[in-house]
Amino acid sequence: MFQRILVANRGEIALRIIRACREMGIETVAVFSEADRGAHYLELADEAYCIGPAQAGDSYLMINRIISAAEIGNVQAIHPGYGFLAENAHFAEVCQSCNIAFIGPPHEAMSLLGDKVNAREVATAAKVHVVPGSDGLVDDETEAMAVANRIGYPVLIKATAGGGGKGMRVARNDISLKAGLKAASAEAEKSFKNAGVYIEKFIERPRHVEVQILADNHGKVVHLWERDCSTQRRHQKLIEESPASNLPLSVRQDICKAAVRLTKAAGYSNAGTVEFLVDQDNQFYFIEVNARIQVEHPVSELVTGIDLIQEQIRLAAGEELGMTQRAVRCDGVAIEVRINAEDPDNDFRGSPGTITKLRVPGGPGIRFDSHVHEGYTIGPYYDSLIGKLIVHRNTRPEALACLRRALDEFVIEGIKTTIPLAKEIINHSAFIEGQIDTTFVERTW
Ligand code: MV4
């Protein structure tokens, strides 16, 4: 097992990783930018090194500086968290060449699945349903029209290097298809330096259901059931839950089995998430793989009782998975609310400032993962997530009652947060009934 790990991230996920390491008796080396100097979570690491100025591009994204800190800190492994370098296959390869274990998937699987057209091919080979669409990249208007007229409008043009919604265009006829093809391709070239696009049937009002996977380096793969992440706005998830509500057990089992087949076919190991769209007839379609630990991993931890960060570390050290699929329970219901420093009255823009008062809820069923405290200043440099409130109760109505109480107990002064919006959402009848899809928040607010 590793004796020392470098945490190549900041904020709540850096703290989450430091805590996991401490419980495992592993020392941690933290890194920080000038903007994060003095943050309290850094004191919980064994060492901390400054790696540059506030701008992420000059610090948390600088591979040479991270590797230098790893060499000076004498670590055997790097945990990238999420965002920043977490899905950078080149970074994973550099770690390997420096004889430092990357706590994540092999770089080969990461670059394979990072290309969505390749990922669709892997899924198809594994007999996992993909959304009906083009056979590979679409090269020109003529080919695009042939595909669209075969599968039928509306269609969605997507960037093969994309994900998270960038470089996507809906087309409802040949005219908008031609315009969308140009626009999507140009946006993809600009954002990803890869103009490649493909076409899928546009699924109307889908649910976003994703399966948590753990895979060892010896060919064993288990799933930790699914999360519903449909409650989002502008591709920013707001609320996630496990299990998915109103999804029959047989469908959940089929989705989870499909995710395991795909993981095996991709030669993937460590923790990962296989994303699906679920249509109104409960048909599910693979869309992409997230080759990292995700923000919403705690809901899966609570229903299964498995510590995902500790598992990631054991798997990266080459250990075999310690559990069988049968032993992975899905007990009760867990719901996570993301708390962002954003101003709902200013188009949900970041709301930097100092937290002047903080009262955190507690009691049965409540977990709060956050690096912030009274007196903490949220700067303008990074994403606006300041914490995650996660509840775990036996049933969904009980989980919602617990969440309602917790949000009512919460006091955060000095900055604007998404807590008021979260309260409105969880008190809306559609949400209470579990009638949620990816368009719900934007249709309703
Ligand atoms: C789709 C879709 C409808 N039909 N694909 C958005 C981000 C990327 N991960 C995939 N996305 C979508 N792909 C087809 N064929 C609708 C979305 C989508 C979405 C998906 C998941 C969660 C939130 C979303 C919000 C808007 C659109």
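Predicted model, so just to flag it, every value in this text is computed and none were measured. Whatever order the structure lists ligands and atoms in, that order sets their numbers, starting from 1.
When each of Ile66, Ile103, Val94, Leu85 is paired with Ile78, the side-chain contact (heavy atoms from CB on, under 4.5 Å) condition holds for Ile66 and for no other.
Protein residues having at least one heavy atom under 4.0 Å from any atom of ligand 1 are Val131, Leu156, Lys158, Gly164, Gly165, Met168, Glu200, Lys201, Phe202, Ile203, His208, Gln232, His235, Glu275, Leu277, Ile287, Glu288, Thr438, listed by chain and number.
For the atom pair CD of Glu342 and OG1 of Thr418, the computed distance is 6.0 Å after rounding to the nearest 0.5 Å.
Of the charged side-chain nitrogens involved, at least one lies within less than 4.0 Å of a carboxylate oxygen, so that Asp307 and Arg16 count as a salt-bridged pair. In summary, Lys116 and Glu200 do not engage in a salt bridge, as defined by a charged side-chain N under 4.0 Å from a carboxylate O.
Residue Glu296 comes nearest to Cys229 through the heavy atom pair OE2-SG, 3.8 Å, listed as atom of the first residue, atom of the second, then distance.
Geometric assessment of Arg292 against the ring of Phe102 yields a negative cation-pi assignment under the 6.0 Å and 45° thresholds.
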